[in-house]
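What's counted below: heavy atoms across the whole structure, side chains too, no hydrogens, waters or symmetry copies. Values in this document were obtained by computation on a predicted structure and should not be read as measured data. Letters go in sequence order (proteins before strands), and every chain restarts at 1.
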2 protein chains.
Amino acid sequence: MADPDWTLYRALLAVLTEGSLSGAARALGQSQPTLGRQIAALEADLGVALFTRSPAGLIPTEAALELRPHAQAMAAAAAALVRAAIPDVDGQGVVRITASEVVGGTVLPPILAELREANPRLQIELVLSNRNDDLLRREADIAVRMARPTQGALYGRKVGESEVRLFASAGYIQKHGQPTDLMDRTGHTVVGFDHVPAYAGGVVANFPIMREIFDVRSDSDLAQLAMIQAGVGIGGCQVPLARRLGLVPVLADAFSFPMEAWVVMHEDLKTSRRMRLVFDALVEGLRVFLSEAD
Amino acid sequence: MADPDWTLYRALLAVLTEGSLSGAARALGQSQPTLGRQIAALEADLGVALFTRSPAGLIPTEAALELRPHAQAMAAAAAALVRAAIPDVDGQGVVRITASEVVGGTVLPPILAELREANPRLQIELVLSNRNDDLLRREADIAVRMARPTQGALYGRKVGESEVRLFASAGYIQKHGQPTDLMDRTGHTVVGFDHVPAYAGGVVANFPIMREIFDVRSDSDLAQLAMIQAGVGIGGCQVPLARRLGLVPVLADAFSFPMEAWVVMHEDLKTSRRMRLVFDALVEGLRVFLSEAD
DNA sequence: GATCAGCCATTCAGTATTGAATAGCAGCCC
DNA sequence: GGGCTGCTATTCAATACTGAATGGCTGATC
């Protein structure tokens, strides 16, 4: 009924994540009775029961679980606000970057190393996630992603193109040999997605990319790559990365999936010096990395 | 330094939008001294000056303006949370829809009329905006848009395809006649974008869509349509809509720009009954509308 | 089965926050 | 220039909120 004080949302999120009033109180640096009262107040304001009390803690109702993502969105925005409030003097402050697990784990570290070397007072937070919506959820300031940004509020720069082709480890090829045909996979193992993401869907070289064609499936690109490296099977990998890792091309010309590499940030952040600094460093570093493929 | 209480963010946003402590206090149902203290506390916590006090009100510093979008994101999430907290019994509650100005102003009203007729206790909020990121900013629950959703957290359903072709009013054609060639526009006026959005960019039928080719420019699709209707010039319009409005096709087969129509919502909201209700009604209504073109 | 750890609800004193009232200031209109 | 309006800063009493302490409860552990 009455719109609740924002503090109450924070309390709700803390209780949901900690699982108890006491835990939430510890996390927020407050007392357990306070949290209890705040949750009660929120329930009264919204007119909905949020938790069923139990001696082991609070069990969230279905209603509370539905509210959770919204409270998390608030928390993400609050964190972004605090980051944005850091005075923007040269090469100082916090910048939060998101990238896929593979890119963040392989390509970015050397780029960030150089950046930190040049700007020791710059703090970097790296969020590895395969969700493409981190920026708009304000869970990061800058994103490295493999798709053109479609949202108007985002400012992006294309840093190059990168083909995904098929690769396997040298050991795997030694054991199983090169497959002769893309369609005939007998005797071979193909590593791929559990849930095929939208950007990867479709038909490539008469090869319908769908769940069923994969013999070993994971939605983590990191896990996929690790399995390819370990000789589990054949899988897709970006060419420059495969080259760096010493993987062996499979059916070299039969399969190619082009991707665009982008560095993206909020329009809001364009004016910030440190954001620009990191943005430009990422653009430059990725350009170099992608051009190594030639 | 210390991370501020969320109430302070709310105070910040209120002062930014109202322009004064007193105004913000009225808006929030609090007193002016309270708001003054909260802003002071926020400045102390963040270590940044947010406003310069003046007898006419508070003038935000550059820092405060940079924080504003984040605070707005929090407010949007809070509003979405409150909406989500409304008990989800059949055909009751609030649903917030976003669409472009033209679609929201022409296509949706009859659909929503029927929906309301069938569910009198359902409340509809319609946000007309040409920003494509409303959903992720949680400024709306359901979006009608002309592009495939690319973000993972969104659930979308394609309701059909709609071609954009060139049209003009009957009066305009009477005065200026039909142009004979797409490239030769002498004696004709072309209505289009000021800032060409990403989805409309590119080359269509050897026709590079860019700012310079337009003689009358607006970023509001509503204004564009109004100008076409008023006989200002030739412009792009979706075929079924143009048909409904009685516009005259121009260079009928020379120019065609295909668009997909989608209804999109958050994955989170899929389980909500009233969201489903509105979602399905929009899908059905738009399907009918788009099929009228055949 | 007794002990212990962890949790929530309640009480009560202390504190921190709030708001009404007031003073002071700048700009606008007659 | 006088009167008016709207704004901020400050004071002070009243209120609301907080947290330490306590009791009661359940479930795990030995």
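- A/Thr189 and A/Asp215 are not linked by any side-chain donor-acceptor pair at a separation below 3.5 angstrom, with hydrogens and angles left out of the test.
- Residue contacts for B/Glu18: at a heavy-atom cut-off of 4.0 Å it reaches no nucleic acid atom on any strand shown.
- When each of A/Thr7 and B/Gly19 is assigned the nucleotide of DNA chain D bearing its nearest heavy atom, the one mapping closer to the 5' terminus is B/Gly19.
- Distance A/Leu58 CG to D/dC25 P: 18 Å, rounded to the nearest Å.
- Considering only side-chain N and O atoms, A/Arg26 lies under 4.0 angstrom from the phosphate OP1 or OP2 of C/dC7.
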I'd like a table of atom pairs between the protein and nucleotides 10-16 of chain D - only N or O on both sides, under 3.5 Å - with the distance next to each one.
none

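- A straight line from CG of B/Asp5 to C1' of D/dC17 spans 12 Å, rounded to a whole angstrom.
- Listed by chain and number, the residues in a side-chain contact (heavy atoms from CB on, under 4.5 Å) with A/Ala84 are B/Leu67, B/His70 (sequence neighbours excluded).
- Regarding B/Ile59, its CD1 atom lies at a distance of 11 Å from the P atom of C/dG27, rounded to whole Å.
- Contact annotation for B/Ser22: base contact, defined as any heavy-atom pair under 4.0 Å involving a base atom.
- Residues A/Arg116 and A/Ile124 share a closest heavy-atom pair of CD-CG1, 4.3 Å.
- Between the P atom of C/dT10 and the CG atom of A/Leu35 lies a distance of 16 Å, rounded to the nearest Å.
- Taking all atoms of both residues into account, the shortest heavy-atom contact from A/Pro4 to A/Leu8 is CB-CD1, 4.0 Å.
- Between the CD atom of B/Gln38 and the P atom of C/dA16 there is a distance of 16 Å, rounded to whole Å.
- When rounded to the nearest whole Å, the span between CG of B/Leu21 and P of D/dA9 equals 6 Å.
- Contact check, A/Ser31 against D/dA20: no side-chain N or O comes under 4.0 Å of OP1 or OP2.
- Whole-Å rounding puts the A/Gln30 CD to C/dT17 P distance at 11 Å.
- Rounding to the nearest 0.5 Å places CZ of B/Arg10 at 9.0 Å from OG1 of A/Thr7.
- Atom CD of B/Glu62 is surrounded by 12 or fewer heavy atoms from other residues, nucleotides or ligands within 6.0 Å.
- The interatomic distance linking A/Glu43 (CD) with C/dC8 (P) rounds to 13 Å, in whole Å.
- Considering CG of A/Leu65 and OG1 of B/Thr271, their distance stands at 10.0 Å, rounded to 0.5 Å.
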